[in-house]
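Structure first, commentary second.
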Protein chains: 2
Amino acid sequence: MNGNFARLVESGITDCGSCPIQRRAVCAYCQSAELLLLEQMKSYKTYRAGEVITWAGDDQLYVATVVTGVASLSQTLEDGRRQMVGLLLPSDFVGRPGRETALFDVEAATEVVLCRFERKPFEKLLAEVPRLGERMLEMALDELDAAREWMLLLGRKTAREKIASLLSILASRESILLEQAPSDGVSFDLRLTREAMADYLGLTLETVSRQINALKRDGVIELTGKRHVKVADFARLLSETGDDSDGGMVI
Amino acid sequence: MNGNFARLVESGITDCGSCPIQRRAVCAYCQSAELLLLEQMKSYKTYRAGEVITWAGDDQLYVATVVTGVASLSQTLEDGRRQMVGLLLPSDFVGRPGRETALFDVEAATEVVLCRFERKPFEKLLAEVPRLGERMLEMALDELDAAREWMLLLGRKTAREKIASLLSILASRESILLEQAPSDGVSFDLRLTREAMADYLGLTLETVSRQINALKRDGVIELTGKRHVKVADFARLLSETGDDSDGGMVI
DNA sequence: CGCCTGATTGACGCGGTTCAACCTCAGTGG
DNA sequence: CCACTGAGGTTGAACCGCGTCAATCAGGCG
């Protein structure tokens with residue numbers, strides 16, 4: 001992911017001023033004196049891809065911010081059915097102040113670096129530093145909106161629409177990174193296995209495989225290998241999502 | 001609904017001290033001086049069942065607390081498929097501070113009484129009264145957890161499990177209002193039509209009807225009329241939700 | 001009484017799951 | 001160098017849960 005910062009962490013240079021995501025994280029509104037308080041509390045920890053960061057039900061000793069990498073938030077039913085309920089990207093917050101035990105499984109999808117705070121002291125700081133609480137509220141409300149958009153996909157979309165939605169989100173995000181408007185020919189790496197996509201979309205991996213190949217057969221996308229997607233017809237892909245043309249997805 | 005309070009509202013007696021949900025609403029942690037500030041800003045408004053409170057895309061002039069009744073938060077796809085993304089019960093908060101336009105449709109499912117605040121002054125108060133922000137954050141985090149639990153329901157549960165989950169949530173809420181632990185024999189009014197339940201659960205109204213009657217046939221619940229439910233066997237109802245026994249539902 | 005909305009019930013078919021075989025490719029070790 | 005292995009992916013066939021369409025019922029109201 002962001003190898004530069006990972007190296008900085010390893011080398012011990014961990015000053016908030018050089019943090020790549022400070023301006024978007026929970027500490028975004030903090031002033032230097034407040035940052036200093038956080039700086040004294042924080043510790044970095046790195047997780048390997050696939051490693052479990054927390055199990056649902058575990059004591060929640062830490063809360064944290066994702067510095068680099070991608071983590072997933074998921075739940076399972078008694079019989080093992082799994083549903084991913086959130087993707088945590090750099091600057092996203094992990095854990096819930098005020099709760100003793102974790103509600104969801106958190107896993108590192110890629111290598112992940114967390115900036116961790118012990119929960120109790122963090123809660124104390126939250127009560128004392130209004131700017132921290134303000135940003136926390138803002139982030140919680142944004143995540144709530146995103147979760148609600150996803151509920152529409154899970155509850156009402158067909159398998160083909162779900163796949164088209166996921167691909168169009170990934171394509172849009174790729175375009176944004178390249179600072180272009182999304183258009184035909186955008187291509188990106190699918191960093192998720194078919195199974196992870198299935199868990200995210202509320203499908204089985206077989207259905208994911210079939211629908212991706214159906215979109216390929218229909219000329220909406222092109223595949224190179226299993227994991228590299230090129231969007232042949234972006235407008236067509238969007239129309240396949242079933243979304244209202246206005247309104248638009250939250251990413 | 002709560003006819004008593006509705007009458008109080010009509011008669012003009014609207015003092016926060018007599019408010020049935022003040023201890024659980026956004027103003028829960030406010031002290032008397034702070035309550036007085038809110039008291040000066042607030043205005044009650046009653047909506048008829050079926051009335052639309054806000055359309056997605058509307059300017060968001062007010063935020064509010066649900067005092068009595070049930071409201072729904074929902075969105076639609078191009079072809080009319082609807083998904084409810086939140087159920088607002090008494091003490092729940094409506095609207096999002098910091099956002100200019102609404103993202104979702106809000107409708108009164110039953111007659112609803114809102115305690116409204118103009119958004120701008122409320123945001124100002126939010127910045128000045130820490131106790132208000134604290135409670136707001138707490139409520140937002142709870143809703144986020146609930147939304148994520150709901151994603152599991154929408155993505156992975158069977159029709160029967162979905163119905164059982166909804167009923168057990170409603171039963172739990174009812175018990176909490178009565179300040180009891182949930183147990184066999186709890187009963188409550190199902191203040192939603194079959195169609196509204198279907199929109200909430202990502203099902204069709206026919207399937208909702210069939211599954212409710214199946215739970216009745218199996219002795220899990222009893223029905224009086226179409227809308228009054230008595231939980232004959234609460235443990236059984238819980239086991240029918242498919243949830244992991246630990247972890248547990250968020251209400 | 002007829003009308004309308006909400007709810008129930010049945011028949012039927014499809015989309016997506018389930019189960020299973022097989023393919024591909026990257027390690028790994030003899 | 002090739003055989004072996006295991007993870008990820010594809011594909012097929014059968015099944016079935018739930019959606020779809022349609023008829024009917026129940027209750028409230030003018």
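Below, read A as the first sequence line, B as the second, and so on, with proteins coming before strands; counting in each chain starts at 1.
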request  = Between B:Val208 and A:Met197, just flag the one whose closest nucleotide in DNA chain D comes earlier from the 5' side.
outcome  = A:Met197
Side chain of [X] - closest among [options]:
X        : options                : value
B:Arg194 : C:dG16, C:dG6, C:dT8   : C:dT8
B:Ala159 : C:dA7, D:dG9, D:dC18   : D:dC18
B:Arg227 : C:dG6, C:dT8, D:dT20   : C:dG6
B:Asn213 : C:dT17, C:dT8, D:dG19  : C:dT8
A:Thr158 : C:dG16, D:dT11, C:dT17 : C:dG16

ask   = Counting only side-chain N and O atoms of A:Thr207, is one of them less than 4.0 Å from OP1 or OP2 of C:dT17?
value = yes
Counting the atoms with a prime plus P, OP1 and OP2 as sugar-phosphate, which does [X] contact under 4.0 Å by heavy atoms, base, sugar-phosphate, or nothing?
X        : answer
B:Arg81  : nothing
A:Thr193 : sugar-phosphate
B:Arg160 : nothing
B:Leu205 : base
A:Gly225 : nothing

query = What about B:Glu206, does its side chain sit under 3.5 Å from the base of D:dC18 through a donor-acceptor pair?
reply = no
query = Between the side-chain atoms of B:Arg210 and the base atoms of D:dG17, is any donor-acceptor pair under 3.5 Å?
reply =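 By the distance-only test, no, there is no pair.
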For [X] and [N], give me the distance from atom [atom1] to atom [atom2], rounded to whole Å.
X        : N      : atom1 : atom2 : value
B:Glu195 : C:dA7  : CD    : P     : 9 Å
B:Ile163 : D:dC18 : CD1   : P     : 10 Å
B:Leu190 : C:dG6  : CG    : P     : 14 Å
A:Ile212 : D:dG8  : CD1   : P     : 15 Å
B:Leu223 : C:dA7  : CG    : C1'   : 11 Å
A:Arg156 : C:dG16 : CZ    : P     : 14 Å
A:Leu203 : D:dG9  : CG    : C1'   : 16 Å
A:Arg217 : D:dT10 : CZ    : P     : 11 Å

ask   = Does the side chain of B:Gln60 come within less than 4.5 Å of B:Thr54's, by heavy atoms?
value = no
task = Side-chain contact test, heavy atoms from C-beta onward, threshold under 4.5 Å: evaluate it for B:Val70 versus B:Val112 and give yes or no.
result = no
Does [X] come within less than 4.0 Å of [Y], counting only side-chain N to carboxylate O?
X        : Y        : answer
A:Asp184 : A:Arg236 : no
A:Glu143 : A:Arg96  : no
A:Arg81  : B:Glu161 : yes

request  = Would you kindly compare A:Lys226 and A:Thr204 by the position of their nearest DNA chain C nucleotide and give the one closer to the 5′ end?
outcome  =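 So the residue in question is A:Thr204.
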ask   = Between A:Ser209 and A:Arg194, do the side chains contain an N or O donor and an N or O acceptor separated by less than 3.5 Å?
value = no
